*Asks:* 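The structure follows.
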2 protein chains.
Amino acid sequence: MAQVPAARQVLDILRFLADQAGPVPAAALARELGLPRSTTYHLLGELTATGFVVHLPDERRYGLGVSAYELGSGFTRQAPLQRLARRPLSELTDRTGHTSHLAVLHGRDVVYVIEERARGRAPLVTDVGVRLPAPLTASGRAMLAVLPPAAVRALFPTADGFVLRNERGPDSPAALRRLLAETRRRGHALEEGEVTAGFASVGTPVLDHSGHPIAAVALTFPEHEVPDEDGRRSLAAQVARTAGTISRLIGG
Amino acid sequence: MAQVPAARQVLDILRFLADQAGPVPAAALARELGLPRSTTYHLLGELTATGFVVHLPDERRYGLGVSAYELGSGFTRQAPLQRLARRPLSELTDRTGHTSHLAVLHGRDVVYVIEERARGRAPLVTDVGVRLPAPLTASGRAMLAVLPPAAVRALFPTADGFVLRNERGPDSPAALRRLLAETRRRGHALEEGEVTAGFASVGTPVLDHSGHPIAAVALTFPEHEVPDEDGRRSLAAQVARTAGTISRLIGG
DNA sequence: GCCGAGTGTCTGGGATCCCAGACAATATCT
DNA sequence: AGATATTGTCTGGGATCCCAGACACTCGGC
């Protein structure tokens, strides 16, 4: 790696601040990141001048500023995940002969952002732009299974938040917990006929550098074509490899 | 300013990328920012390693990455605007004897994030957390008046998006355009009895370094207490000064 | 009011890094 | 298929910057 230490330091500051619940004192920044005090103040000066950081004199702390928000907006606008994931999903579909998709969590739902339909296969409900309740889908189950339990509880505090489909799916927080525990035990998410009768899906999450799920990859197939556990496990392994590829591409 | 050129350069790259509609080639970055080519690749290497930027080999371009998104989330969580604006609003209320508030645009509505109630004044509808249709409020009018016309059209394409209150307020895109033109001519936003009968408000936008409205400051007063144009203009000038103070604090 | 801890600013020289330019690989154009 | 343009990698030395530490200011505790 080329030596660009000041660049590295300023990015460390930004990432550290991004992980904090609120603004922090300069001394805490210097201590946590192992930076010399004067260097910390120089870098904070630059970050403040460019709007990435705001100095809160009343609190004697530093927090993220409007330029940080604009980076988030820019990320959303540029949709790098979709751009990076399209080829790996296309290859997964070619290899397996089944339709693949990429979805992101959006509150209690998943939203499909890529669908790579296999040659000669019928269109599925999981078209781009479609939203479905996360607990019902392989993609949603894959992501929920790797969220902290408190985050899952926050999303689904009571039985009210559950939407059944074809009269199936978890209908209470306890049922969801059991389903997610089973998903973790199995090593991949599974959905059988709950979204579309006669079809099943396997899914795995795409994790960022902190282990947080940013998306999920899933493969959908007619149930009768892959009726046995081994066949599904094999498909799940390919899905997991694709998810890992996308994680690496997204980097960090 | 202390010399931290590499830090400055890396932040320039991030801000440039945040302003682009899509990913860009490294050569365009170097050219637009006046950076040496090798320096550009070194900094991009660092940005890619930390997840702020993703390299899209198929497109031979660079775009924003997940760490950029996390900065946006961190900004929202830390709410620096509210932290910075509280004291200026408190001082505005003390100086004028009227209730002040800070609101942000949220789609077609405004959301109130600070209310500083004046001593001995009745509570108002503009409590923290309340949402109201932007075209009806001084804060909303202040922000809409400085948005590009295309952005206003996108928010209010037809007569359907208008909500009247007390049977008053603009009820069509044309009426809204006339109202915003009048707001720009007057130099501040005005609302008279459309939100609460018997009360009026004056408001001005808080702009970021690009001239984009990130919030608005408004002052609400009983109509009969400030019936004349000069009195309202004087209050509006104080509101504008407070908005300018907050702009400077937010920086960039 | 005084003291100690923490915040923020400033300076200069030893340490190191930034950039010009060479080179290799890849993509596009003819 | 060959030529050209662009992308991406690498090197080393002149230029400059990073950090230790001193100093001033502010805030909180007693």
Side-chain angles (χ1 to χ4, degrees), chain A residues 1-14 16-17 20 22-65 78 80 83-84 86-87 248-249 251, chain B residues 1-14 16-17 20 22-65 78 80 83-84 86-87 248-249 251:
Chain A
M1 178 74 68
Q3 63 280 22
V4 276
R8 161 64 66 96
Q9 286 168 336
V10 86
L11 297 176
D12 284 347
I13 290 175
L14 287 174
F16 180 80
L17 288 175
Q20 304 309 300
V24 299
L29 265 175
R31 184 176 63 248
E32 294 301 320
L33 298 176
L35 293 175
R37 278 190 350 101
S38 53
T39 302
T40 302
Y41 280 101
H42 277 156
L43 295 173
L44 283 173
E46 194 58 49
L47 284 159
T48 302
T50 48
F52 280 95
V53 155
V54 294
H55 182 216
L56 302 161
D58 289 348
E59 304 180 42
R60 299 170 95 197
R61 290 168 177 244
Y62 292 82
L64 289 171
Q78 293 176 8
R83 292 173 192 269
L84 286 169
R86 192 167 302 285
R87 179 186 285 260
R248 279 193 299 282
L249 288 172
Chain B
M1 181 72 67
Q3 62 281 23
V4 277
R8 160 62 65 96
Q9 286 169 334
V10 86
L11 297 176
D12 284 347
I13 290 176
L14 287 174
F16 180 82
L17 288 175
Q20 305 310 298
V24 299
L29 265 175
R31 185 178 61 247
E32 294 300 320
L33 298 176
L35 293 174
R37 279 191 349 103
S38 54
T39 301
T40 302
Y41 279 101
H42 278 156
L43 296 172
L44 283 173
E46 194 58 47
L47 285 158
T48 303
T50 49
F52 280 95
V53 155
V54 294
H55 182 216
L56 302 161
D58 289 348
E59 304 180 41
R60 299 173 94 201
R61 290 168 177 243
Y62 292 80
L64 290 170
Q78 293 175 9
R83 292 173 194 270
L84 286 168
R86 192 167 302 285
R87 177 184 286 261
R248 278 193 300 283
L249 289 173

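If you're wondering where the values come from, they're calculated on a predicted model, not measured in any experiment.
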*Asks:* Take atom CG of Leu44(A) and atom P of dT7(C), then tell me their distance rounded to the nearest Å.
*Replies:*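 Leu44(A) atom CG is separated from dT7(C) atom P by 12 Å.
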
*Asks:* Which atom pair, heavy atoms only, marks the closest approach of Gln9(A) to Thr39(A)?
*Replies:*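 That closest heavy-atom pairing would be OE1-CG2, 3.7 Å.
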
*Asks:* Suppose the criterion is salt bridge (charged side-chain N to carboxylate O under 4.0 Å, His left out): which pairs have a residue in residues 26-38 of chain B, not counting sequence neighbours?
*Replies:*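 Those involving residues 26-38 of chain B do not exist here.
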
*Asks:* For a 4.0 angstrom threshold against heavy atoms of chain A, report the outermost contacting nucleotides of DNA chain D in 5' to 3' order.
*Replies:* dC18(D) to dC27(D)

*Asks:* Do any N or O atoms from the side chain of Glu46(B) and from the backbone of His42(B) form a donor-acceptor pair under 3.5 angstrom?
*Replies:* no

*Asks:* Need to verify one output field. Residue with the more 5' nearest nucleotide on DNA chain C, Ser38(A) or Tyr41(A)?
*Replies:* Tyr41(A)

*Asks:* Quantify the bending of the helix from dG1(C)-dC30(D) to dT30(C)-dA1(D) as the angle between its end axes, each fitted on five pairs, to 10°.
*Replies:*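 The angle separating the two end axes equals 60°.
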
*Asks:* When we call it a touch if two heavy atoms are under 4.0 Å apart, what does Gln9(B) touch: a base, just sugar-phosphate, or nothing?
*Replies:*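 Gln9(B): backbone/sugar contact only, no base atoms under 4.0 Å.
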
*Asks:* Using the rule given for side chain to side chain contact (heavy atoms under 4.5 Å, CB included), can you reason through Leu44(A) versus Val53(A), listing the C-alpha separation, both sets of side-chain angles and the distance that settles it, and then say yes or no?
*Replies:* CA-CA 7 Å; Leu44(A) 283 173; Val53(A) 155; 4.2 Å; yes

*Asks:* Who are the salt bridge (charged side-chain N to carboxylate O under 4.0 Å, His left out) partners of Arg61(A), not counting sequence neighbours?
*Replies:* none

*Asks:* Please name all residues satisfying salt bridge (charged side-chain N to carboxylate O under 4.0 Å, His left out) with Arg87(A), sequence neighbours left out, ordered by chain then number.
*Replies:* Asp58(B)

*Asks:* Among all residues two or more places apart in sequence or in another chain, which pass the side-chain contact (heavy atoms from CB on, under 4.5 Å) test with Leu56(B)?
*Replies:* Arg83(A), Leu84(A), Pro23(B), Val54(B), Glu59(B)

*Asks:* With rounding to the nearest 0.5 Å, note down the distance linking OG1 in Thr50(B) to CG in Leu11(A).
*Replies:*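 CG of Leu11(A) is found 4.5 Å from OG1 of Thr50(B).
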
*Asks:* State which residues pass salt bridge (charged side-chain N to carboxylate O under 4.0 Å, His left out) with Arg86(A); sequence neighbours excluded, sorted by chain then number.
*Replies:*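 Salt bridge (charged side-chain N to carboxylate O under 4.0 Å, His left out) list for Arg86(A), sorted by chain: Glu116(A).
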
*Asks:* Applying side-chain contact (heavy atoms from CB on, under 4.5 Å), name anything that partners Ser38(A), two or more places apart in sequence or on another chain.
*Replies:*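 Partners of Ser38(A) by the side-chain contact (heavy atoms from CB on, under 4.5 Å) criterion come out as none, since no residue qualifies.
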
*Asks:* List for me each residue that meets side-chain contact (heavy atoms from CB on, under 4.5 Å) alongside Ala30(B), sequence neighbours excluded, and say none if there are none.
*Replies:* Thr40(B)

*Asks:* Treating primed atoms plus P, OP1 and OP2 as sugar-phosphate and everything else as base, which nucleotides of nucleotides 22-30 of chain C get B, S or - for protein heavy atoms under 4.0 Å?
*Replies:* B----S---

*Asks:* Could you tell me how the ring of His55(B) sits relative to the ring of Tyr62(B): parallel (under 30°), tilted (30 to 60°) or perpendicular (over 60°)?
*Replies:*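 His55(B) vs Tyr62(B) ring planes: parallel.
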
*Asks:* Check DNA chain C against residues 24-32 of chain B and give the residues with a non-hydrogen atom under 4.0 Å, in numerical order.
*Replies:* none

*Asks:* For side chain to side chain contact (heavy atoms under 4.5 Å, CB included), just list the numbers for Leu29(B) and Leu35(B), CA-CA rounded to whole Å, side-chain angles, deciding distance to a tenth of an Å, and then say yes or no.
*Replies:* CA-CA 8 Å; Leu29(B) 265 175; Leu35(B) 293 174; over 6 Å; no

